[in-house]
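This structure is a prediction, so every number in the text was calculated from the model and none was measured. The figures that follow rest on heavy atoms only: side chains count, while hydrogens, waters and symmetry mates do not. Each chain gets a letter, A, B and so on, in the order its sequence line appears, and its residues count up from 1.
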Amino acid sequence: MPDDHNPFADPLRFERRVPECAMVIFGANGDLTKRKLLPALYRLAYDRRLPASFAIIGNSRTDLGDDEFRNNMRDAVQKFSEDTAFDPDLWSRFAKNIYYIAGDMNDPSMYQAIGKRIGEIERHNVLFYLSTQPSYYGAVAEQIGAAGLNEAGPGAWRRIVVEKPFGHDLESARALNQRLQAVFPENEIYRIDHYLGKETVQNILAFRFGNGIFEPLWNRRYINQVQITAAESIGVEGRGGYYQEAGALRDMIQNHLLQVLATVAMEPAAVFEPDAVRDERAKLLRSIKIMQPEQVPLYAVPGQYDGFREEKGVDPGSNTDTFAAATFFIENWRWAGVPFFVRTGKKLPKRSTEIAIQYNSAPLSLFASGDGDLPKRPNLLILRIQPEEGISLRFVSKQPGAGMHVRPVSMDFKYGASFGGRSPSAYETLLIDAMIGDATLYTRQDMVEASWRVVEPILHAWQSPNFRVPLYEPGTWGPPEAEKMLERQGRHWRNA
Amino acid sequence: MTATIEPERILREMNQLWDQTGADTGGAGVLRACTMTLIVVAENDEDAALARRTIGSIMHDHPSRALVVKTQDGEDMSARVFSECWMPFGGQQQICSEGVELTSGPRHFAEVARALVPLRAPDLPTVVWCRGPGAFTLRAFDELFPLADKIILDSSTISGASAALAFIRSLRLRGYRIADLEWTRLTGWREVLSQVFDDQSMQAPNSITSIRIAHGGQTPPICAIYFGSWLGRALPSAHVRFDTAEGDPGLRSVTLSSREGDLSLSVSSGGCLAVTGLGRQYRTALPPRDEAALMREELKILGSDSVYERVLG
Ligand SMILES: NC(=O)c1ccc[n+]([C@@H]2O[C@H](COP(=O)([O-])OP(=O)(O)OC[C@H]3O[C@@H](n4cnc5c(N)ncnc54)[C@H](OP(=O)(O)O)[C@@H]3O)[C@@H](O)[C@H]2O)c1
């Protein structure tokens with residue numbers, strides 16, 4: 001780290017600095033580049049977080065010159081920057097260092113051209129960003145290696161950022177990893193899971209380990225169950241082709257939601273350093289009980305919204321899960337016996353991602369309540385990730401007036417309302433981290449493998465030839481089987 | 001003095017203000033947020049108005065209960081409540097922070113301090129920001145300092161660097177946690193220099209044998225002294241020298257000399273610093289250093305600031 005050799009460092013005041021570097025984006029003509037990467041990079045430039053010399057080299061097949069590509073990227077920034085004013089002067093300075101190389105990712109000469117451009121602009125540190133279809137990941141890494149672009153000079157670095165999905169099952173994840181690691185060492189491979197870059201997911205760690213009062217209650221003695229919901233109200237929105245290959249379990253649970261679960265349930269790391277934190281996340285993921293095939297129908301429920309098969313690009317006989325719910329148990333001393341219910345889906349009643357931690361009820365109900373259900377309304381701690389990031393605590397309070405009647409009230413902390421300043425987007429956070437070399441919020445291969453091991457028995461069961469995914473009505477909380485899964489365990493989904 | 005401040009009345013008014021602000025939003029309601037108490041001592045009416053503007057701007061990042069003490073000799077002691085509200089980008093609900101403005105002459109600061117105790121937001125840190133030169137010269141401020149977890153001063157408001165520094169050091173010796181906005185103004189310069197040495201290919205800085213700090217004005221201003229002290233602590237074997245230079249008072253350039261050659265940072269046009277020498281030649285923009293930006297930086301640091309403390313010695 002620079003601080004070790006730099007007597008002028010002042011980490012309390014200085015922003016972590018991005019060294020002079022270039023970012024090579026494969027798939028630069030694609031949706032992710034336009035919607036997320038360029039707006040994030042522009043915002044970082046706007047906030048003066050990037051060196052003035054920061055360069056972007058984009059690649060895809062469409063024949064474009066540097067200027068045309070710059071114009072496309074300007075349009076993307078103007079269209080997709082949600083909360084950043086467009087500053088033409090800043091853009092013209094930023095765009096000066098944007099370049100484009102047209103060519104096919106399978107063509108070795110294209111990598112020579114990229115190498116030549118890197119040499120011309122004299123950047124020693126290079127971040128290769130795979131914003132392409134996943135089937136290209138291994139081949140692009142190998143081509144980078146074959147062209148020698150992975151070799152950094154003394155004191156410089158070459159890194160690769162890989163978008164999810166990391167494989168489509170355990171075996172393919174391992175195979176992909178072997179191909180990546182043949183070219184880049186593990187510590188230069190950055191597997192991006194943008195959920196971990198969200199301010200509110202990071203805030204879970206601050207909430208748990210920055211406060212003294214919650215951690216003592218954060219275990220099986222006090223917590224009855226945990227529910228993690230990531231609901232979308234929209235359908236596949238033109239991405240039907242991609243989605244029907246993936247499905248909700250692969251697209252959301254295997255990566256994002258298991259990472260969120262790990263953040264909620266992991267042990268504190270001894271120090272807040274990349275490998276210490278990632279060790280704890282990985283340990284937690286390895287502690288999740290793997291379902292036996294006969295347990296899958298009891299602990300996992302898929303669903304498909306009515307109408308999915310009529311979506312553009314979707315096979316009319318598709319058996320893809322657009323909804324997935326599962327019960328996970330963590331086999332360690334802190335969590336033994338506490339169910340973690342995880343669900344995600346499209347066309348659900350509302351867009352919301354949240355974690356609900358339900359405490360055990362008070363052992364005795366001393367008070368009368370205007371709400372006959374009160375005994376079934378234990379304390380609930382809600383960590384909301386989107387749309388209104390924040391934390392709520394539900395507890396019981398006396399009703400105003402005569403008599404000792406009680407009722408539940410909710411105490412809300414809204415993150416955005418307490419700090420009026422803007423929060424960086426997940427991609428801003430993660431891109432800066434990759435350029436600085438901080439992998440805390442990136443997924444390591446052992447974490448990827450552990451989470452594939454967790455979902456694989458479910459995938460196998462759902463992919464068996466005779467299995468039919470139950471349908472659900474758009475605008476409902478998935479198929480009735482999802483509720484039955486909890487009923488069997490004496491619980492109910494929140495909001496269900 | 002004919003009137004005293006009644007904290008209960010002010011707190012009651014503050015609650016009424018919330019009810020009123022909530023009602024004014026037509027049911028959308030307002031949210032209150034508070035991370036600290038910020039006691040601001042303003043020199044006069046005009047200064048209090050400027051302070052309020054800065055408070056409005058820093059509230060977004062540091063929502064606080066602001067207690068503005070407006071110094072006005074000969075006036076009765078009085079108080080009024082106010083709120084600072086803003087609509088977050090794309091938000092539907094206003095966010096508001098609360099404030100009280102007290103008017104009093106320094107003679108009554110002991111009484112002001114007693115009134116401020118119950119007005120502070122309980123259980124949260126208190127920062128006392130003294131905007132003008134009064135803090136350096138008037139002993140009455142001693143009544144207010146004990147309220148603070150951190151005291152923010154601005155030594156650029158007085159002349160005489162050594163007296164200012166002696167005063168800051170004396171406060172520190174009395175156990176106060178101090179910040180000086182004149183030190184905060186140097187963050188941009190320090191960061192640019194630090195970045196040069198972040199570069200792994202850069203020679204170890206301990207080969208630097210001498211440092212020349214050029215400043216405008218006849219005697220080294222406090223910012224130059226700070227910079228020299230900071231460099232001296234970082235490079236104990238280097239010799240630090242101060243020279244006068246053409247131009248406005250303040251830091252003009254810094255040159256680090258080693259066997260390999262000189263590295264210079266100097267003021268350049270358009271709010272930029274020019275970095276030259278040891279294979280480098282570029283200009284870099286300094287971050288905005290308006291009062292709100294300085295305060296935002298200081299309010300982020302409520303614990304100990306070891307670098308500044310070392311500079312104070
Ligand atoms: N889109 C999102 O919001 C999102 C969110 C999370 C993760 N992801 C992941 O991010 C990655 C990129 O997503 P995306 O939606 O941006 O992908 P995309 O639009 O399908 O593809 C990116 C671009 O790659 C170029 N391309 C395709 N084949 C090529 C080839 N043989 N050689 C050179 N360029 C080629 C295409 O441009 P040309 O036609 O010009 O060649 C295409 O526009 C995927 O892995 C996806 O799973 C995407």
Asker: Look up atom CZ in A/Phe8 and atom CG in B/Leu231, then write down how far apart they are to the nearest 0.5 Å.
Answerer: 5.5 Å
Asker: Based on non-hydrogen pairs under 4.5 Å, which of B/Trp183, B/Tyr308, B/Tyr282 is most in contact with chain A?
Answerer: B/Trp183
Asker: Does atom NZ of B/Lys150 have more than 12 heavy-atom neighbours, drawn from other residues, nucleotides or ligands, at distances under 6.0 Å?
Answerer: yes
Asker: I'd like to check B/Val307 versus A/Leu12 (side-chain heavy atoms, cut-off strictly below 4.5 Å). Are they in contact?
Answerer: no
Asker: Taking all non-hydrogen atoms of both residues, which atom of A/Pro7 and which atom of B/Leu235 are closest, and how far apart?
Answerer: CG-CD2, 4.3 Å
Asker: Please classify the contact of A/Glu15 with chain B as side chain, backbone, both or neither, using a heavy-atom distance under 4.5 Å.
Answerer: both
Asker: Tell me the closest heavy-atom pair linking A/Asn6 and B/Ser194, and the distance in Å.
Answerer: ND2-O, 2.8 Å
Asker: Would you say that more than 12 heavy atoms from the other residues, nucleotides or ligands in this model lie under 6.0 Å from the CD of B/Gln281, or not?
Answerer: no
Asker: Atom CD of B/Glu191 and atom CZ of A/Arg13: how far apart are they, to the nearest 0.5 Å?
Answerer: 11.0 Å
